[in-house]
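Just so you know, these numbers use all the heavy atoms, side chains as well, and skip hydrogens, waters and symmetry mates. Not measured: the values here are computed from a predicted model. Letters A, B, ... are given to chains in the order of the sequence lines, protein chains preceding strands, and every chain is numbered from 1.
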Amino acid sequence: MAEKITPRSVDYSQWYIDIVLNAKLADYSPVKGCMVIRPRGYAIWERLRDELDRRFKETGHQNCYFPMFIPESFLKKEAEHVEGFSPELAVVTHAGGEKLDEPLVVRPTSETIIWNTYKGWIQSWRDLPLLYNQWANVVRWEKRTRLFLRTTEFLWQEGHTAHETREEAVKETELMLEVYRRFAEEVLCLPVIAGKKSEAEKFAGAVDTYSIEAMMQDKKALQAGTSHFLGQNFAKAFEVQFQNREGTLDYVWATSWGVSTRLVGAVIMTHSDDKGLVVPPMLAQDELVVIPIFKSDNKAEVLAYAQKVADALKADGRRVAFDDDDSSSPGWKFAEWEMRGVPIRVEAGPKDAAAGNVVMVRRDTGEKLVVKADEAVAKARELLAAIQKNLLEKARAFRDANTKPVADLAEVRAFFGKEKAKAHEDGEAHLGTAEVPGGFALGLWCGGRECEAALKAELKVTIRNMPFDRQAGAEGGTCCLCGAPSKHRAIFARSY
RNA sequence: CGGGAUGUAGCCCAGUGGCUAGGGCGCCAGCUUUGGGAGCUGGAUAUCGUGGGUUCGAGUCCCACCAUCCCGACCA
């Protein structure tokens with residue numbers, strides 16, 4: 001009967017799982033850690049992907065496709081890369097009934113096979129830049145998985161660009177992070193913080209990693225996208241040289257950048273409530289659902305009335321579902337469509353038909369509006385835009401309310417409270433679920449690995465990134481962790 | 001890989017060594033209903049996770065294994 005969603009206040013983690021399963025976004029698979037993406041979940045991914053793809057092309061990128069199997073030896077060519085990915089590789093040792101001479105790795109990311117290929121494509125500065133992207137699946141054998149947020153196999157895009165100069169590659173790295181930042185805010189309604197990762201947190205094989213970081217409703221951080229400046233690391237590992245404008249040989253400069261199906265998880269976690277899924281209208285499979293409310297003696301008239309409203313909305317380009325199922329009650333339908341996250345519900349019953357009205361209900365606020373039927377089309381546009389705006393503002397307000405400056409270790413400790421595991425040992429039930437202490441702490445940092453590692457060990461708190469727009473005056477203060485002279489200002493948080 | 005939990009119909013669960021393994025939800029058929037998760041009648045659906053063992057007899061007890069989920073360490 002009534003599908004139950006665990007309230008966030010009881011168990012945030014379970015709430016998230018309940019949303020994903022009950023809204024029919026994804027299902028578990030027979031293979032550990034893998035997930036089946038159901039049509040309602042895939043529709044969100046598709047809309048997200050198409051819009052992002054459009055923005056990639058707008059910035060001069062082209063799509064291509066590389067194989068999912070990579071010779072094992074390729075992974076070993078870049079020292080940090082192999083160290084970073086070895087523990088989580090899936091390896092094919094047999095195929096066609098025979099043992100393979102060289103095992104094949106199922107790609108965890110494609111830098112190696114791509115740079116091996118770029119070697120054959122780049123001879124001169126005239127061949128550059130290469131601005132390529134691919135939409136693909138990758139496999140990382142993680143110990144701990146979570147629907148959408150971290151699965152063994154996931155869908156993503158990975159951009160791999162090749163450039164003449166360091167400056168140009170750095171500019172590309174920054175450009176793509178900015179594409180992600182704007183996309184996150186404009187489409188996903190995710191307010192994000194753009195910045196640079198610490199040495200400890202950067203991508204295996206990168207010179208610099210930039211990220212956008214979002215805050216979930218349990219105040220934990222989620223890395224929503226990354227853009228890497230790879231320097232000449234992969235060009236050197238795969239011997240990709242070109243003749244530059246001066247006529248001498250040089251190694252190619254590289255970037256890579258990606259976002260994954262994790263973004264679907266980020267959207268769910270950021271906007272949804274205890275009644276079910278909430279998604280930004282731009283991502284919703286159906287923007288509106290029209291629910292005719294009829295009795296057996298007026299069914300035909302009410303259906304015709306509601307259908308007219310639905311047709312008008314469709315004619316205006318809206319994505320509209322029409323729920324004329326006659327075996328479930330209106331109440332059931334209301335709850336069901338709320339669970340599915342449809343941004344606007346349009347009710348059309350006999351009373352509305354008589355008065356020439358419809359009732360429009362916002363998913364984000366629950367607000368009910370009685371609207372003249374011939375104004376429904378205009379009102380729908382207005383409401384959808386308002387919902388898109390409201391979701392971003394709400395998320396931003398939540399994040400800002402949970403972001404605090406910290407000056408020293410005492411303040412850091414006070415801000416984050418005890419670590420979760422410790423709290424459980426101490427018998428403090430549910431600490432770390434709904435009312436987890438913390439959020440984003442903004443503090444000065446010396447740049448040292450030691451105090452960063454100590455913080456992680458003590459509080460499970462890591463440096464999310466060093467926000468680009470918060471570096472003014474960061475030098476010359478004291479590190480909030482160890483008291484040494486500071487070099488950066490960083491966001492500290494627990495994360496997914 | 002450590003800690004915890006679970007495995008009985010599509011889902012949730014009951015079944016306390018003993019006859020033909022039950023219920024709720026869902027599903028199918030029909031009727032009746034429909035403004036916040038309706039009702040009646042009938043119906044279909046189970047290698048009780050797998051393999052061993054104990055026993056006259058095992059869903060139930062024992063052992064092993066497997067799988068999944070949750071929590072940690074690793075990570076997009």
Side-chain angles (χ1 to χ4, degrees), chain A residues 1-4 6 11-14 16-17 21-22 27-35 83-88 108-109 138-158 180 197 200-201 203-204 209 211-213 221-228 256-266 275-276 291-299 302 323-339 345 347-353 357-359 361 366 368 370 419-425 430 432-433 456-457 460 462 495-496:
Chain A
M1 203 192 133
E3 269 113 275
K4 273 274 188 279
T6 307
D11 188 336
Y12 187 80
S13 202
Q14 190 59 48
Y16 174 73
I17 293 163
L21 296 179
N22 286 318
D27 212 340
Y28 293 109
S29 88
V31 180
K32 183 187 166 91
C34 292
M35 108 180 137
E83 193 187 327
F85 284 104
S86 285
E88 53 191 52
T109 179
V138 289
V139 167
R140 298 181 187 177
W141 222 262
E142 304 281 357
K143 303 285 184 212
R144 175 113 167 70
T145 56
R146 277 180 108 99
L147 294 165
F148 284 111
L149 296 181
R150 178 169 299 104
T151 45
T152 300
E153 179 193 13
F154 56 97
L155 306 182
W156 77 345
Q157 57 70 216
E158 44 182 328
Y180 287 154
K197 284 284 193 186
E201 298 281 333
F203 176 73
T209 289
S211 75
I212 50 172
E213 302 282 334
L222 185 83
Q223 181 173 307
T226 50
S227 186
H228 313 292
S256 69
W257 27 273
V259 300
S260 71
T261 32
R262 160 178 273 199
L263 287 181
V264 177
K275 292 194 286 188
I291 302 182
I293 297 160
F294 47 79
K295 295 186 191 298
S296 41
D297 59 354
N298 60 20
K299 183 172 173 180
V302 173
D323 189 351
D324 61 350
D325 178 60
D326 62 2
S327 63
S328 49
S329 69
W332 192 91
K333 292 177 185 176
F334 296 168
E336 183 62 19
W337 287 100
E338 278 164 1
M339 172 85 74
R345 176 174 79 241
E347 303 172 14
K351 283 179 253 170
D352 305 305
N357 292 332
V358 291
V359 178
V361 186
K368 287 194 180 191
V370 178
E419 58 153 297
K420 215 193 223 175
K422 185 78 166 61
H424 273 296
E425 282 167 24
H430 297 310
T433 54
K456 187 174 179 182
K460 313 285 181 220
T462 53
S495 75
Y496 278 96

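Side chains of A/Asp11 and A/Ser13: no donor on one and acceptor on the other come within 3.5 Å.
Looking at heavy-atom distances under 4.0 Å, A/Lys333 makes no contact with the nucleic acid at all. Heavy atoms of A/Val359 sit under 4.0 angstrom from at least one base atom. Within 4.0 Å (heavy atoms only), A/Phe203 reaches no atom of the nucleic acid at all. Using a 4.0 Å heavy-atom criterion, one finds that A/Phe334 contacts the bases of the nucleic acid, with or without backbone contacts as well. Heavy atoms of A/Arg345 sit under 4.0 angstrom from at least one base atom. As judged by a 4.0 angstrom heavy-atom cut-off over every strand, A/Glu158 is placed among residues making no nucleic acid contact. Contacts of A/Ser260 with the nucleic acid, taken as non-hydrogen atoms under 4.0 Å apart, include base atoms. A/Thr462 comes within 4.0 angstrom of nothing in the nucleic acid, heavy atoms only. Residue contacts for A/Thr261: at a heavy-atom cut-off of 4.0 Å it reaches no nucleic acid atom on any strand shown. Residue A/Ile17 is classed as a sugar-phosphate contact, given heavy-atom separations below 4.0 Å to backbone atoms only.
The side chain of A/Asp326 lies closest to B/U33, out of B/C70, B/U33, B/A76. With B/G37, B/G35, B/A73 as the candidates, the nucleotide lying closest to the side chain of A/Pro350 is B/G35. In the set B/A76, B/A38, B/C70, B/C70 carries the atom at the smallest distance from any side-chain atom of A/Ser13. Checking B/G35, B/G36, B/A76 against every side-chain atom of A/Asp352, the shortest atom distance belongs to B/G35. Here B/C74 is the nucleotide among B/C70, B/A38, B/C74 with the atom lying nearest to any side-chain atom of A/Glu142.
Taking atom NZ of residue A/Lys368 and atom C1' of nucleotide B/G35, one finds them 7 Å apart after rounding to whole Å. For the pair A/Met339 CE and B/G36 C1', the interatomic distance rounds to 14 Å; values are reported in whole Å. We find that CG of A/Asn357 is positioned 19 Å from P of B/G35, with the value rounded to whole Å. Per the geometry, CG belonging to A/Asp325 stands 10 Å off P belonging to B/C28, to the nearest Å. In this structure, A/Lys197 places its NZ atom 7 Å from P of B/A76, rounding to the nearest Å. Rounding to whole angstrom units, CE of residue A/Met35 and C1' of B/A76 are separated by 12 Å. Atoms CH2 (A/Trp141) and C1' (B/C1) sit 16 Å apart, rounded to a whole Å. Rounded to an integer number of Å, the gap from A/Ile293 CD1 to B/G35 P is 8 Å.
Between A/Ser296 and B/U33 there is a side-chain N or O to OP1 or OP2 distance below 4.0 Å. Residue A/Lys295 has no polar side-chain atom (N or O) positioned under 4.0 Å from OP1 or OP2 of B/A38.
Counted within 6.0 Å of CH2 on A/Trp141, heavy atoms from surrounding residues, nucleotides or ligands total 12 or fewer; the atom is thus considered open.
Applying the 3.5 Å distance criterion, the base of B/G36 shares no donor-acceptor pair with the side chain of A/Glu347.
Remark: A/Arg262 is not positioned above the aromatic ring of A/Phe154, lacking an NZ or CZ atom under 6.0 angstrom from the ring centre and at most 45 degrees off the axis.
A/Thr109 is listed as a side-chain neighbour of A/Arg140, based on a closest heavy-atom distance under 4.5 Å. Side-chain contact between A/Thr226 and A/Tyr180: absent, with no pair of heavy atoms (C-beta onward) separated by less than 4.5 Å.
A gap of 24 Å separates the P atoms of B/A67 and B/A73, to the nearest Å.
Note: A/Phe203 and A/His228 have parallel aromatic rings, judged against thresholds of 30 and 60 degrees for the angle between ring planes.
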